[in-house]
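Read through the structure below, which is laid out as C-alpha coordinates, and then see the notes.
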Amino acid sequence: MEIELIKFEVKGGDRGSLISLEENKNIPFDIKRVYYIFDTRPGVRRGFHAHKNLQQVLICVSGGCKIMLDDGKEKKEVELFSSANGLLLNSCIWREMFDFSPDCVLMVLASDYYNEEDYIRNYQDFIEYIK
Ligand code: T46
(Lines give C-alpha, C1' and ligand atoms only; values in the text may rest on other atoms or scores of the structure.)
Protein backbone atom coordinates (compact mmCIF):
# COMPACT_ATOMS: atom_id res chain seq x y z
CA MET A 1 0.00 0.00 0.00
CA GLU A 2 1.33 3.43 -1.01
CA ILE A 3 1.11 6.15 1.64
CA GLU A 4 0.19 9.34 -0.22
CA LEU A 5 1.50 12.30 1.73
CA ILE A 6 0.93 15.68 0.06
CA LYS A 7 3.58 18.28 0.93
CA PHE A 8 2.01 21.75 0.81
CA GLU A 9 3.97 24.81 -0.24
CA VAL A 10 4.41 27.09 2.79
CA LYS A 11 3.99 30.77 1.85
CA GLY A 12 4.64 33.83 3.93
CA GLY A 13 7.76 35.36 5.32
CA ASP A 14 8.76 37.54 8.24
CA ARG A 15 5.17 37.87 9.48
CA GLY A 16 4.58 34.13 9.65
CA SER A 17 3.45 31.22 7.51
CA LEU A 18 0.44 30.48 5.33
CA ILE A 19 -0.76 27.42 3.43
CA SER A 20 -3.44 27.64 0.77
CA LEU A 21 -5.59 24.62 -0.18
CA GLU A 22 -7.33 24.61 -3.54
CA GLU A 23 -9.63 21.97 -5.02
CA ASN A 24 -8.23 20.08 -7.99
CA LYS A 25 -4.87 21.80 -7.47
CA ASN A 26 -3.02 20.73 -4.32
CA ILE A 27 -6.20 18.89 -3.16
CA PRO A 28 -6.87 16.27 -5.86
CA PHE A 29 -10.71 16.38 -5.87
CA ASP A 30 -13.73 18.73 -5.60
CA ILE A 31 -14.03 19.74 -1.92
CA LYS A 32 -17.65 19.24 -0.82
CA ARG A 33 -17.13 19.24 2.96
CA VAL A 34 -14.64 20.31 5.61
CA TYR A 35 -14.78 19.07 9.21
CA TYR A 36 -12.33 18.99 12.09
CA ILE A 37 -11.73 16.72 15.03
CA PHE A 38 -10.50 18.20 18.30
CA ASP A 39 -10.62 17.73 22.10
CA THR A 40 -10.05 13.99 21.62
CA ARG A 41 -9.71 12.45 25.09
CA PRO A 42 -6.29 11.01 26.06
CA GLY A 43 -5.84 7.38 25.01
CA VAL A 44 -8.90 7.39 22.77
CA ARG A 45 -8.80 5.68 19.36
CA ARG A 46 -11.19 6.91 16.68
CA GLY A 47 -12.14 5.91 13.17
CA PHE A 48 -12.65 2.11 12.93
CA HIS A 49 -14.23 2.33 9.51
CA ALA A 50 -13.59 2.51 5.78
CA HIS A 51 -15.42 4.46 3.08
CA LYS A 52 -16.88 2.91 -0.07
CA ASN A 53 -16.30 5.96 -2.30
CA LEU A 54 -15.15 8.98 -0.27
CA GLN A 55 -11.73 10.57 -0.79
CA GLN A 56 -10.28 12.69 1.98
CA VAL A 57 -7.18 14.69 2.85
CA LEU A 58 -6.28 14.75 6.56
CA ILE A 59 -4.22 17.65 7.93
CA CYS A 60 -3.21 18.27 11.54
CA VAL A 61 -3.48 22.07 11.61
CA SER A 62 -2.44 21.98 15.28
CA GLY A 63 -0.65 19.26 17.26
CA GLY A 64 -0.54 15.77 15.84
CA CYS A 65 -1.83 12.22 15.83
CA LYS A 66 -1.07 8.84 14.29
CA ILE A 67 -3.16 6.98 11.77
CA MET A 68 -3.24 3.24 11.11
CA LEU A 69 -4.20 2.35 7.54
CA ASP A 70 -5.28 -1.12 6.47
CA ASP A 71 -6.15 -2.08 2.88
CA GLY A 72 -7.06 -5.65 3.85
CA LYS A 73 -3.63 -6.94 2.81
CA GLU A 74 -1.25 -4.84 4.91
CA LYS A 75 -1.31 -2.31 7.71
CA LYS A 76 0.78 0.86 7.89
CA GLU A 77 1.14 3.62 10.46
CA VAL A 78 1.55 7.28 9.58
CA GLU A 79 2.48 10.12 11.93
CA LEU A 80 0.85 13.46 11.11
CA PHE A 81 2.61 16.15 13.09
CA SER A 82 3.07 18.94 10.54
CA SER A 83 0.43 21.31 9.21
CA ALA A 84 2.47 21.38 5.97
CA ASN A 85 1.56 17.75 5.17
CA GLY A 86 -1.75 16.21 4.16
CA LEU A 87 -2.53 12.51 4.10
CA LEU A 88 -4.55 11.52 1.05
CA LEU A 89 -6.96 8.74 1.93
CA ASN A 90 -8.68 7.07 -0.98
CA SER A 91 -11.73 4.84 -0.61
CA CYS A 92 -11.67 1.27 0.76
CA ILE A 93 -8.99 1.88 3.40
CA TRP A 94 -9.75 0.93 7.00
CA ARG A 95 -8.48 3.73 9.29
CA GLU A 96 -7.90 4.20 13.00
CA MET A 97 -6.59 7.46 14.50
CA PHE A 98 -4.77 7.43 17.84
CA ASP A 99 -2.10 9.11 20.02
CA PHE A 100 -3.77 12.51 19.65
CA SER A 101 -1.80 15.32 21.29
CA PRO A 102 -4.00 17.42 23.63
CA ASP A 103 -3.81 20.36 21.20
CA CYS A 104 -4.54 18.26 18.09
CA VAL A 105 -6.95 19.73 15.56
CA LEU A 106 -7.29 17.27 12.69
CA MET A 107 -8.90 19.00 9.72
CA VAL A 108 -10.38 16.83 6.99
CA LEU A 109 -11.26 17.88 3.44
CA ALA A 110 -13.76 15.48 1.89
CA SER A 111 -14.87 14.82 -1.68
CA ASP A 112 -18.53 14.43 -0.74
CA TYR A 113 -21.21 15.42 1.75
CA TYR A 114 -21.71 13.40 4.92
CA ASN A 115 -23.47 10.13 4.09
CA GLU A 116 -23.59 7.34 6.67
CA GLU A 117 -24.32 4.84 3.84
CA ASP A 118 -20.79 5.37 2.52
CA TYR A 119 -19.31 4.03 5.80
CA ILE A 120 -18.29 0.42 6.45
CA ARG A 121 -18.06 0.28 10.25
CA ASN A 122 -17.56 -3.46 10.73
CA TYR A 123 -14.10 -4.91 9.94
CA GLN A 124 -15.43 -8.26 8.61
CA ASP A 125 -17.87 -6.40 6.34
CA PHE A 126 -14.88 -4.36 5.07
CA ILE A 127 -12.91 -7.54 4.22
CA GLU A 128 -15.96 -8.95 2.39
CA TYR A 129 -16.55 -5.65 0.56
CA ILE A 130 -13.02 -5.41 -0.89
CA LYS A 131 -12.98 -9.02 -2.14
C1 T46 B 1 -13.01 9.71 8.81
C2 T46 B 1 -12.21 10.11 9.99
C3 T46 B 1 -10.83 10.60 9.62
C4 T46 B 1 -21.55 14.17 10.98
O5 T46 B 1 -22.71 14.40 11.38
N6 T46 B 1 -21.04 14.82 9.90
C7 T46 B 1 -19.77 14.62 9.43
O8 T46 B 1 -19.37 15.25 8.44
C9 T46 B 1 -18.94 13.66 10.12
C10 T46 B 1 -17.52 13.39 9.65
C11 T46 B 1 -19.47 13.03 11.22
N12 T46 B 1 -20.74 13.28 11.65
C13 T46 B 1 -21.25 12.61 12.88
C14 T46 B 1 -21.33 11.10 12.82
C15 T46 B 1 -21.12 10.71 14.27
O16 T46 B 1 -22.33 10.76 14.96
O17 T46 B 1 -20.32 12.91 13.93
C18 T46 B 1 -20.20 11.81 14.81
C19 T46 B 1 -18.75 11.37 14.94
O20 T46 B 1 -18.34 10.78 13.68
P21 T46 B 1 -17.38 9.50 13.60
O22 T46 B 1 -17.63 8.63 14.77
O23 T46 B 1 -17.52 8.91 12.24
O24 T46 B 1 -15.94 10.22 13.77
P25 T46 B 1 -14.49 9.60 13.58
O26 T46 B 1 -13.56 10.56 14.21
O27 T46 B 1 -14.42 8.17 14.00
O28 T46 B 1 -14.27 9.59 11.96
C29 T46 B 1 -14.21 10.79 11.22
C30 T46 B 1 -15.06 10.69 9.93
O31 T46 B 1 -16.40 10.28 10.27
C32 T46 B 1 -14.51 9.72 8.92
O33 T46 B 1 -15.11 9.95 7.65
O34 T46 B 1 -12.47 9.24 7.81
O35 T46 B 1 -12.85 11.08 10.83
Side-chain angles (χ1 to χ4, degrees):
M1 175 186 15
E2 287 284 309
I3 301 290
E4 298 188 61
L5 211 54
I6 307 172
K7 294 191 188 306
F8 302 121
E9 185 185 344
V10 182
K11 324 242 183 202
D14 296 345
R15 292 184 301 147
S17 304
L18 182 152
I19 289 172
S20 159
L21 306 172
E22 297 180 298
E23 65 178 4
N24 297 312
K25 290 190 173 177
N26 56 356
I27 302 299
F29 47 75
D30 292 349
I31 301 167
K32 292 265 183 60
R33 177 168 51 111
V34 178
Y35 62 91
Y36 40 96
I37 293 168
F38 57 101
D39 281 351
T40 301
R41 303 273 177 270
V44 165
R45 234 174 144 94
R46 308 180 62 136
F48 298 98
H49 60 258
H51 283 280
K52 295 174 189 164
N53 294 303
L54 194 70
Q55 283 186 291
Q56 303 193 105
V57 173
L58 281 60
I59 306 163
C60 280
V61 290
S62 167
C65 69
K66 295 178 188 165
I67 300 160
M68 192 281 288
L69 304 176
D70 178 352
D71 66 358
K73 296 191 194 92
E74 61 173 330
K75 297 179 184 184
K76 283 194 176 168
E77 252 181 50
V78 187
E79 296 194 0
L80 266 189
F81 281 90
S82 165
S83 52
N85 291 335
L87 174 67
L88 175 63
L89 267 189
N90 287 317
S91 56
C92 297
I93 302 286
W94 186 264
R95 80 282 316 264
E96 295 172 20
M97 300 89 78
F98 59 103
D99 276 3
F100 287 82
S101 64
D103 59 343
C104 180
V105 179
L106 175 61
M107 182 176 76
V108 182
L109 310 182
S111 65
D112 213 341
Y113 302 112
Y114 175 68
N115 175 11
E116 189 57 38
E117 290 185 5
D118 190 65
Y119 284 75
I120 307 169
R121 292 193 184 268
N122 175 284
Y123 188 74
Q124 273 318 312
D125 292 347
F126 164 65
I127 296 298
E128 287 300 316
Y129 186 82
I130 58 173
K131 267 184 195 165

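The basis for the numbers below is simple: all heavy atoms, side chains too, and nothing from hydrogens, waters or symmetry mates. As the structure lists them, so they are numbered: ligands from 1, and atoms in each ligand from 1. Please read these numbers as outputs of a predicted model, since none were measured by experiment.
Shown here are the salt bridge (Lys or Arg N to Asp or Glu O under 4.0 Å) partners of K131, two or more places apart in sequence or in another chain: E128. Under the side chain to side chain donor-acceptor pair (under 3.5 Å) criterion, H51 pairs with D118, not counting sequence neighbours. Evaluation of the side chain to side chain contact (heavy atoms under 4.5 Å, CB included) rule for F98 yields R45, K66, M68, E77 as partners, not counting sequence neighbours.
A salt bridge is defined here as a Lys NZ or Arg NE, NH1 or NH2 lying under 4.0 Å from an Asp or Glu carboxylate O, and K25 with E23 fails to meet this definition. Under a 4.0 Å N-O distance rule, the pair K52/E117 does not qualify as a salt bridge.
Around atom CD of E2, no more than 12 heavy atoms belonging to other residues, nucleotides or ligands sit under 6.0 Å away.
Protein residues having a heavy atom under 4.0 Å from any atom of ligand 1 are R33, Y35, I37, R46, G47, H49, H51, Q56, R95, M97, Y114, Y119, R121, listed by chain and number.
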